[in-house]
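For this chain, numbers begin at 1 and follow the sequence in order. This structure is a prediction, so every number in the text was calculated from the model and none was measured.
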Amino acid sequence: MFDSVAIIQITASFFGTMGFCFLFNIRGNKLWLAALGGMLSWLLFLSLESIVASEGIRYFLVSVCSTIYAEILARILKTPATTFSIITLIPLVPGGALYHTATFAMSGEATQFLEKLIYTVELALALSLGIVVVTAVFRYTKRFKKV
């Protein structure tokens with residue numbers, strides 16, 4: 001199903017996410033579960049590539065699934081959901097797009113800068129919108145359970 005490059009990417013997403021866990025001071029079982037979430041996020045992103053053509057929609061779908069994973073883990077482990085929701089999306093942060101946007105801006109290539117800026121903003125909005133939608137649904141269902 002996946003070629004060797006994809007397997008390397010999936011493995012790297014696990015260890016890269018684990019590195020950010022150390023940076024955010026996440027320890028114990030939470031570290032492994034957060035790193036697993038980052039790996040699953042990238043695995044889902046690669047899996048959706050053949051099904052969903054738009055990269056922005058893939059980012060949104062993976063963000064939704066990753067945030068659901070984070071919300072469920074937060075309730076099981078009695079931890080704030082942001083502990084997992086931010087960390088599990090680390091492999092999807094459009095760092096390369098941000099770099100190219102800045103490079104085009106600094107070199108004065110206005111057309112390429114605007115194209116890359118729109119692309120980068122689209123990806124960032126897709127990630128944040130996925131988080132907002134799932135978090136809002138979980139909060140509203142929690143309120144209705146109390147009533």
Side-chain angles (χ1 to χ4, degrees), residues 1-106 112-145:
M1 179 174 176
F2 291 112
D3 60 352
S4 59
V5 173
I7 292 170
I8 291 170
Q9 288 179 4
I10 293 165
T11 305
S13 68
F14 177 82
F15 289 108
T17 304
M18 186 180 284
F20 276 92
C21 289
F22 292 126
L23 196 67
F24 287 104
N25 203 24
I26 298 172
R27 303 279 188 244
N29 286 341
K30 295 174 190 169
L31 177 134
W32 296 104
L33 293 170
L36 177 67
M39 182 185 78
L40 292 174
S41 294
W42 192 251
L43 176 70
L44 180 60
F45 181 76
L46 293 177
S47 299
L48 288 174
E49 190 171 21
S50 61
I51 300 168
V52 181
S54 170
E55 197 167 6
I57 293 173
R58 275 189 286 152
Y59 267 69
F60 174 75
L61 293 173
V62 173
S63 177
V64 165
C65 293
S66 178
T67 306
I68 290 170
Y69 174 83
E71 291 283 348
I72 291 170
L73 278 181
R75 277 151 182 75
I76 292 171
L77 299 174
K78 297 179 181 9
T79 305
T82 53
T83 301
F84 296 108
S85 64
I86 302 302
I87 292 293
T88 57
L89 290 174
I90 289 293
L92 293 171
V93 171
L98 284 169
Y99 171 78
H100 290 294
T101 302
T103 302
F104 291 137
M106 298 306 288
Q112 291 177 317
F113 164 71
L114 286 174
E115 287 175 7
K116 205 51 123 166
L117 177 67
I118 291 168
Y119 171 74
T120 305
V121 169
E122 175 190 353
L123 298 184
L125 285 174
L127 286 176
S128 59
L129 187 60
I131 294 170
V132 168
V133 167
V134 173
T135 303
V137 168
F138 269 81
R139 286 195 180 164
Y140 282 123
T141 56
K142 188 176 179 180
R143 282 187 186 167
F144 286 128
K145 286 182 181 179

What are the two closest non-hydrogen atoms of [X] and [Y], and how far apart are they?
X: Val62; Y: Ser41; answer: CG1-O, 3.4 Å
X: Ala126; Y: Gly56; answer: CB-O, 3.3 Å
X: Ala81; Y: Ala70; answer: O-CB, 4.0 Å

[atom2] on [Y] to [atom1] on [X], rounded to 0.5 Å:
X: Ile86; Y: Thr67; atom1: CD1; atom2: OG1; value: 8.0 Å
X: Leu36; Y: Leu73; atom1: CG; atom2: CG; value: 8.5 Å
X: Ile131; Y: Thr82; atom1: CD1; atom2: OG1; value: 10.0 Å
X: Leu127; Y: Ser63; atom1: CG; atom2: OG; value: 5.0 Å

- Can Leu31 and Phe22 be said to form a side chain to side chain contact (heavy atoms under 4.5 Å, CB included), step by step? CA-CA 8 Å; Leu31 177 134; Phe22 292 126; 3.3 Å; yes

Could you tell me which residues satisfy side-chain contact (heavy atoms from CB on, under 4.5 Å) with [X], sequence neighbours excluded, listed by chain and number?
X: Val137; result: Thr141
X: Ala105; result: Phe113
X: Gln112; result: Phe104, Glu109

- Under the side chain to side chain contact (heavy atoms under 4.5 Å, CB included) criterion, do Leu48 and Leu61 qualify, and how do the steps go? CA-CA 9 Å; Leu48 288 174; Leu61 293 173; 4.0 Å; yes

- Message: List the residues meeting side chain to side chain donor-acceptor pair (under 3.5 Å) with Arg75, not counting sequence neighbours, and say none if there are none.
- Response: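 With neighbours one apart ignored, the set is Glu71.
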
- Query: Mind checking what makes side chain to side chain donor-acceptor pair (under 3.5 Å) contact with Thr83, not counting sequence neighbours?
  - Reply: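 Partners of Thr83 by the side chain to side chain donor-acceptor pair (under 3.5 Å) criterion come out as none, since no residue qualifies.
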
For residues 88-100, dump all side-chain donor-acceptor pairs below 3.5 Å to protein atoms at least two apart in sequence or in another chain.
unit_1, atom_1, unit_2, atom_2, d
Thr88, OG1, Ser66, OG, 2.5
Thr88, OG1, Phe84, O, 2.9
Thr88, OG1, Ser85, O, 3.4

- Is there any ring-ring contact (aromatic ring centres under 6.0 Å, His included) pair reaching into residues 46-69, and which pairs are they, with sequence neighbours excluded?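 ring-ring contact (aromatic ring centres under 6.0 Å, His included) check on residues 46-69 returns Phe45-Tyr59.
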
- Query: How about Leu40 and Leu44: do any of their side-chain heavy atoms sit closer than 4.5 Å?
  - Reply: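 Result no, sub-4.5 Å side-chain heavy-atom pair not found.
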
- Any side-chain heavy atom of Phe2 within less than 4.5 Å of one from Ser47?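 Yes, at least one pair of side-chain atoms sits under 4.5 Å.
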
- If a pair satisfies salt bridge (charged side-chain N to carboxylate O under 4.0 Å, His left out) and one of its residues is in residues 46-63, list it, with sequence neighbours excluded.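 Listed once each, the pairs would be none.
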
- Task: Name all pairs fulfilling the salt bridge (charged side-chain N to carboxylate O under 4.0 Å, His left out) condition that reach into residues 20-46, sequence neighbours left out, sorted by first residue then second.
- Result: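 Non-adjacent pairs meeting salt bridge (charged side-chain N to carboxylate O under 4.0 Å, His left out): zero.
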
- Item | Of all pairs that satisfy side-chain hydrogen bond (donor to acceptor under 3.5 Å, both in side chains), the ones with a partner from residues 120-139, not counting sequence neighbours |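 Checked against side-chain hydrogen bond (donor to acceptor under 3.5 Å, both in side chains) - neighbours excluded - the pairs reaching residues 120-139 are Thr101-Thr120.
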
Let me have the donor-acceptor pairs involving side chains of residues 11-19, under 3.5 Å, with sequence neighbours excluded, atom names and distances please.
unit_1, atom_1, unit_2, atom_2, d
Thr11, OG1, Ile7, O, 2.9
Ser13, OG, Ile10, O, 2.6
Thr17, OG1, Ser13, O, 2.6

